[in-house]
Amino acid sequence: MPVLEEKGQIQIHTENIFPIIKKAVYSGHEVFLRELVSNGVDAISKRRMAAMAGDCSEGPEGAIQIRIDRENKTLTISDNGIGMSADEVKRYINQVAFSSAEDFLEKYKSEGDAIIGHFGLGFYSSFMVASQVELVSLSAREGSEAVRWTCDGSPSFSLESAERSEPGTDVILHLMEEELEYIEPARIRTLISTYCDFLPVAVQLEGETVNKREAPWRKSPRDLSDNDYTELYRYLYPFQGDPLLWVHLNTDYPYNLQGILFFPRSSGRADWEKGEIKLYCNHVFVSDSIKEVVPRYLLPLRGVIDSPDIPLNVSRSALQTDRRVRSIGGFVAKKVADRLKQLHRDEPKRYAEIWESLAPFIKIGAMEDEKFADQVAELVLFGTTAAPASDSSGDAAGDSEGDAAAGAGSLDPIPGQDGRAYTTLASYRSRLGADNAKRILYCTDEAGQAGALALWKSQGAEVLLADTFIDTQFIPWLEYRHEELTFQRVDAELDDSLKEQESELADADGKDSSEKLRELFKAALANDKVTLQVQALKGEEAPAALILLPEQMRRINDMGALMEQRLPGLPEHHVLLVNRRHPLVAGLLSLSAGAVITTPGPGGTSPSQQLADDLARHVYDLARLAVGGLEPNQLSGFQQRSAELMGRLMQRGL
């Protein structure tokens with residue numbers, strides 16, 4: 001056998017100089033293993049395809065072998081793929097910028113298997129961790145001879161004859177001193193699990209297969225059970241519980257993409273900037289940040305997207321945003337919307353039960369993406385004060401806004417978790433009747449708005465519960481989208497249905513009780529920023545006083561708080577509505593009317609009048625307290641005044 005020996009210079013052109021600049025192309029050294037294993041899998045695929053065409057021997061089942069030699073400080077990655085001849089080594093290794101996959105794909109383009117190696121430059125990532133790289137290869141084509149290629153990372157190389165009994169390629173890395181972590185089996189095992197876990201070829205470390213090999217997202221949904229999906233989620237995201245539901249992605253036109261996305265259970269945290277979906281390319285893990293691919297509102301979803309058609313930079317570490325990427329993002333959003341529609345249609349009760357976890361994705365997505373908003377318009381639920389239907393097995397959450405507007409029949413709310421009932425906006429409007437169908441009553445805080453909420457409920461009004469942080473932006477967005485509707489928070493104002501229409505008698509001075517109470521509270525509060533209203537409210541449980549916040553004024557206050565990144569406190573300008581039918585208020589008026597001045601002089605007062613003023617301020621403090629309008633530093637003063645007031649009342653009664 002003639003001895004092959006050759007020395008020369010690697011061809012370096014302007015377009016291929018960067019891959020050989022060590023540590024400049026790849027952001028992390030550990031990806032060298034991903035690249036070399038991917039190349040090995042590529043070679044195995046090539047051999048199988050070439051064998052089918054009759055160009056080489058078929059060989060045994062493909063496998064990648066990784067061997068550690070601690071004594072010589074080497075790491076060897078071997079495959080039993082198609083191998084290379086001396087001419088192929090010179091062309092595909094020395095001419096750095098050329099990828100063997102391009103020519104190979106052209107020759108076997110009728111085959112369906114994808115070739116990982118079309119990235120081309122992965123082999124040179126080995127120089128990030130190795131001071132010298134040896135490549136021993138034997139082509140599977142008949143009559144081939146083994147060759148050894150050696151390079152120390154400079155443009156110099158050597159190419160000579162070698163001994164290898166079976167077709168395939170060994171890549172032998174002589175590790176640098178500072179990179180000896182890669183001769184630790186645990187470290188290599190971790191890298192295999194991270195990057196190569198779902199490759200369809202066995203990746204073996206010292207003879208033991210480490211990777212799982214099967215990628216469930218590459219299978220048909222018909223071949224997967226619910227348990228298969230759940231097990232994949234548990235494997236990818238341990239200690240996170242089970243997913244709420246999943247979406248199986250599969251398309252081959254106009255791009256190739258497979259994947260499975262999971263809706264996680266609400267955990268109080270969500271990554272809306274980077275995301276938790278893992279990006280794969282032909283089974284190989286590439287990145288866990290795909291914010292350029294998936295719309296921002298879907299980033300907190302979890303799972304896998306696998307596509308060879310997403311353009312990556314040379315190191316696969318960053319995505320290139322282009323029209324195709326935006327198209328893929330639109331496809332993913334539509335598939336998610338379709339899955340939600342299916343659940344909403346087929347399992348309305350389950351949909352309502354998990355709504356609180358779905359709501360952030362749907363509401364933020366609707367506000368950020370007009371197309372997505374149209375897709376999920378019928379899927380948005382609200383909690384409601386109405387009682388749920390006794391039989392929730394029907395399509396209680398269904399019905400489109402168009403059907404409701406056209407006069408579709410009333411649809412009952414359906415039960416969710418913790419006893420709360422849920423409804424769509426369309427169903428809610430169908431129950432309002434023609435007179436009230438354009439006013440949407442809502443509550444954002446059942447505790448803070450309890451007084452006003454109780455008033456509306458006592459008169460049979462149904463109120464939507466919009467009590468998540470997103471709703472402060474979602475409600476105005478809905479109002480903008482539905483120009484014919486007015487959204488009114490329960491504490492914005494009270495209509496005549498909540499007030500007793502009763503006449504009042506004037507005294508000798510021509511003043512009725514409402515006017516007297518207005519004067520009393522105005523003098524006691526001495527605050528021109530508080531607008532006083534006196535009404536007779538219906539219901540025995542109506543409070544003594546309510547803080548009302550006109551809708552537009554409150555929204556401006558909330559927006560200012562959002563911009564300043566603070567909680568929206570009680571605006572300085574607000575309405576104090578005093579309920580003259582409440583026993584405390586009626587007694588307060590009697591106390592003031594019976595006051596006798598005992599202090600001489602033009603500014604003289606009486607103990608009864610002073611007590612009336614203090615009680616009026618106390619009623620105001622109680623109304624502020626109910627809506628969270630007392631700052632923490634004001635609570636101690638309120639407690640002290642309350643204790644003093646009760647003491648004076650006790651003395652008066654003894």
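No side-chain heavy atom of Phe361 sits less than 4.5 Å from a side-chain heavy atom of Tyr297. Counting heavy atoms from C-beta outward, Leu36 and Ile64 have side chains that stay 4.5 Å or more apart.
Arg48 and Glu61 are not joined by a salt bridge, as no carboxylate oxygen comes within less than 4.0 angstrom of a charged side-chain nitrogen. Using a 4.0 Å cut-off between charged side-chain N and carboxylate O, Glu88 and Lys46 make no salt bridge. A salt bridge links Asp87 with Lys90: the closest approach of a Lys/Arg side-chain nitrogen to an acidic carboxylate oxygen falls below 4.0 angstrom. Of the charged side-chain nitrogens involved, at least one lies within less than 4.0 Å of a carboxylate oxygen, so that Glu231 and Arg234 count as a salt-bridged pair. Using a cutoff of 4.0 Å between basic side-chain nitrogens and carboxylate oxygens, Lys341 and Glu378 are not scored as salt-bridged.
Defined by atom type and a distance below 3.5 Å, a donor-acceptor pair is missing between the side-chain atoms of Ser307 and Asn256. No side-chain N or O of Asp42 forms a donor-acceptor pair with one of Ser45 less than 3.5 Å apart.
Other residues, nucleotides and ligands place more than 12 heavy atoms under 6.0 Å from the CD atom of Glu181.
When the ring-ring contact (aromatic ring centres under 6.0 Å, His included) test is applied to Tyr229, the partners found at least two apart in sequence or on another chain are Trp246, His248. Residues that satisfy the ring-ring contact (aromatic ring centres under 6.0 Å, His included) test with Phe474, not counting sequence neighbours, are Trp477. Applying the ring-ring contact (aromatic ring centres under 6.0 Å, His included) test to Tyr237 and every residue at least two apart in sequence or in another chain returns Tyr233. Residues passing the salt bridge (charged side-chain N to carboxylate O under 4.0 Å, His left out) test with Asp288 are Lys274, sequence neighbours excluded. By the side chain to side chain contact (heavy atoms under 4.5 Å, CB included) test, Arg222 pairs with Ser220, sequence neighbours left out.
The aromatic rings of Tyr351 and His344 sit perpendicular to each other, their planes meeting at more than 60°, with 30° as the lower class boundary.
Annotation: salt bridge (Lys or Arg N to Asp or Glu O under 4.0 Å) contacts involving residues 244-257, sequence neighbours excluded, are absent.
Listed for the Asp306 side chain is no donor-acceptor partner under 3.5 Å among the backbone atoms of Gln258.
Considering Glu356, Glu353, Lys349 as possible partners of Tyr422, the one that fulfils the side chain to side chain donor-acceptor pair (under 3.5 Å) test is Glu356.
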